[in-house]
Protein chains: 2
Amino acid sequence: MHTLNPTKPPRRDATENRLAILDSARVLLNRDPEASLEAIAAGAGLSRRSIYGHFATRDELIGEIQTLGGRRVTAALAHIDHADSRVAIALIGARLWSEVENVRVMAQLAVRGPQRAVFAETLRPVRAKLLDIVRRGIAAHELRGDMDALTLANLIEGAALSVLDEAIRANLSNADGHRLVMLATLSTAGLSWHEASAVITQHPELQFSASSAPAGTESSES
Amino acid sequence: MHTLNPTKPPRRDATENRLAILDSARVLLNRDPEASLEAIAAGAGLSRRSIYGHFATRDELIGEIQTLGGRRVTAALAHIDHADSRVAIALIGARLWSEVENVRVMAQLAVRGPQRAVFAETLRPVRAKLLDIVRRGIAAHELRGDMDALTLANLIEGAALSVLDEAIRANLSNADGHRLVMLATLSTAGLSWHEASAVITQHPELQFSASSAPAGTESSES
DNA sequence: AATAACTTGCACATCGCTGTGCAAGTTATG
DNA sequence: CATAACTTGCACAGCGATGTGCAAGTTATT
């Protein structure tokens with residue numbers, strides 16, 4: 001037996017608990033993509049049994065995390081646009097940093113998760129946007145021209161994820177992570193670090209601010 | 001009960017099988033770091049039971065792979081040196097590509113493997129070498145100067161691994177993978193793609209050749 | 001305070017994986 | 001060919017994880 005509620009409005013604490021579970025799962029799956037329900041429940045301050053009141057199966061839980069994370073990341077990147085593709089790419093890097101936790105768990109699940117088959121669909125709009133920017137950038141000679149747009153887009157994505165990992169592992173401050181991810185994406189896009197730095201300092205919207213800090217992580221400031 | 005042989009010279013087919021097991025394990029663990037012994041045995045054309053004739057436990061098998069892979073990668077990078085740090089870094093990228101399979105499985109196990117605690121030790125010499133090169137490069141203003149050497153070395157390592165993944169996923173040809181890994185490391189090191197391309201084309205030892213192809217992978221040429 | 005919603009603990013069935021014992025095969029090697 | 005080395009299949013014990021049933025608690029809501 002799983003969800004107990006027969007199409008009635010759920011109780012307030014129940015929905016809180018549901019969120020707590022999703023939260024705990026997101027955090028734990030970031031460390032270990034096969035964290036047990038036992039551990040996840042503990043992290044949420046609940047018993048393992050209770051999880052089955054909210055999610056029929058483990059896979060359903062993970063599915064929720066995927067779609068939720070997907071929504072957040074998509075939303076974070078939705079309104080990005082800039083005539084200069086380099087600025088647009090840096091902006092993407094910055095937004096990804098502000099959503100590190102969601103981005104990383106999604107990356108994990110996209111590779112090893114039970115739904116990896118259907119998951120490309122979720123990421124399609126985001127990837128399409130990046131690909132578009134990259135195309136424009138190559139045409140405008142703002143980005144490197146030695147490979148096709150799709151490959152470059154994939155590499156930028158890979159670089160961003162790798163740096164996200166590195167930044168978390170090194171426990172970087174929010175400001176440092178912010179800058180590093182932008183630099184990494186721009187470097188991969190073909191800019192030298194001088195050019196990349198210049199792009200960043202010349203555009204106020206790329207400066208770090210509290211609102212561009214990752215949510216949910218109260219990591220130490222270096 | 002594990003190893004059957006009482007300190008006698010092992011039979012010829014036995015050692016062959018041992019190698020086959022290690023080989024299969026290396027390949028399968030690349031896809032799934034928790035591949036079952038059943039699957040590994042099948043990949044080696046043996047029965048699960050036979051594995052226990054060669055390795056006492058799963059962890060022992062994985063330990064073997066780690067140290068073996070570590071040896072190969074260390075050996076591949078041992079004799080690299082060049083006055084120009086950029087060339088040295090490109091060379092490292094090239095050699096990593098020639099050892100993709102070992103490198104990737106090591107990266108996996110270094111994070112999730114049962115021995116990850118002691119494993120940093122194995123990689124120490126390689127990392128020290130990279131760090132040294134990076135230091136020299138920064139001092140000589142050949143590489144980016146906007147972060148400390150250790151961070152940059154870590155980023156280069158991360159970029160290399162991420163591109164290795166990407167190259168495998170995209171099923172790149174040997175020549176393409178070769179070039180891409182070098183470009184990625186150089187980009188991360190601070191060069192623009194123009195500079196990076198220039199470095200590569202100006203140094204014959206960076207050109208792709210059969211001997212710089214990854215061993216063991218008969219992947220399709222794109 | 002009464003009720004329905006939710007949580008919990010325990011017991012249990014199931015699954016997949018590891019590791020071992022043993023007896024019967026197969027194969028390298030002298 | 002004779003022997004020791006190696007492989008195999010089967011059976012079994014153990015572990016940790018998922019998922020379910022149920023009865024007894026706790027808590028939000030009216």
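Protein chains get the first letters and strands the later ones, always in sequence-line order, with residue 1 at the start of each. Keep in mind that this is a model prediction, so the values were computed, not measured.
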K.L.:
Considering only side-chain heavy atoms of A:Arg11, which listed nucleotide, C:dT18, C:dA5, D:dT20, is closest?
P.N.:
C:dA5
K.L.:
Just how far, in rounded Å, is C1' of C:dT20 from CZ of B:Phe55?
P.N.:
18 Å
K.L.:
When you measure from the side chain of B:Leu46, which nucleotide among D:dT7, D:dT20, C:dT20 comes out closest?
P.N.:
D:dT7
K.L.:
Return the value, rounded to whole Å, for the distance between atom CG of B:Asp13 and atom P of D:dT7.
P.N.:
6 Å
K.L.:
Side chains of A:Ser50 and A:Ser47: donor-acceptor distance under 3.5 Å anywhere?
P.N.:
yes
K.L.:
Could you tell me the separation between the NE2 atom of A:His54 and the C1' atom of C:dA5, rounded to a whole number of Å?
P.N.:
11 Å
K.L.:
With a 3.5 Å distance limit and no angle check, can you tell me whether B:Ser162 reaches the backbone of B:Gly158 through a side-chain donor-acceptor pair?
P.N.:
no
K.L.:
Figure out the CG/C1' separation between A:Asp59 and D:dA17, and round it to whole Å.
P.N.:
13 Å
K.L.:
For atom CZ of B:Arg72, decide whether the heavy atoms of other residues, nucleotides or ligands shown that lie under 6.0 angstrom number more than 12.
P.N.:
no
K.L.:
Please work out which residues in residues 20-41 of chain B have a non-hydrogen atom less than 4.0 Å from an atom of DNA chain D and list them by number.
P.N.:
none
K.L.:
Using atom CD1 of A:Ile51 as one end and atom P of D:dG19 as the other, report the distance to the nearest whole Å.
P.N.:
10 Å
K.L.:
Rounded to the nearest Å, what distance is computed from the CG atom of residue A:Asn17 to the C1' atom of nucleotide C:dA5?
P.N.:
12 Å
K.L.:
For A:Arg12 and C:dA4, give me the distance from atom CZ to atom C1', rounded to whole Å.
P.N.:
16 Å
K.L.:
If you apply the rule side chain to side chain contact (heavy atoms under 4.5 Å, CB included), what do you find for B:Val100 with B:Val181, and how did you get there?
P.N.:
CA-CA 10 Å; B:Val100 224; B:Val181 178; over 6 Å; no
K.L.:
Salt-bridged, A:Asp23 to A:Arg26, with N to O below 4.0 Å?
P.N.:
yes
K.L.:
Kindly say whether, by distance alone, the side chain of B:Arg49 makes a donor-acceptor pair under 3.5 Å with the base of C:dG19?
P.N.:
no
K.L.:
Answer yes or no: is there an ion pair linking A:Arg18 with A:Glu64, defined by an N-O contact shorter than 4.0 Å?
P.N.:
yes
K.L.:
Any sub-3.5 Å donor-acceptor pair from B:Arg144's side-chain atoms to A:Trp193's backbone N or O?
P.N.:
no
K.L.:
Would you mind reading off the distance between B:Glu60 atom CD and C:dT20 atom P, rounded to a whole angstrom?
P.N.:
10 Å
K.L.:
Looking only at N and O atoms, is any donor in the side chain of B:Arg48 or the base of D:dG9 less than 3.5 Å from an acceptor on the other one?
P.N.:
no
K.L.:
Considering only D:dT7, D:dG19, D:dA28, which nucleotide approaches the side chain of B:Ser50 most closely?
P.N.:
D:dT7
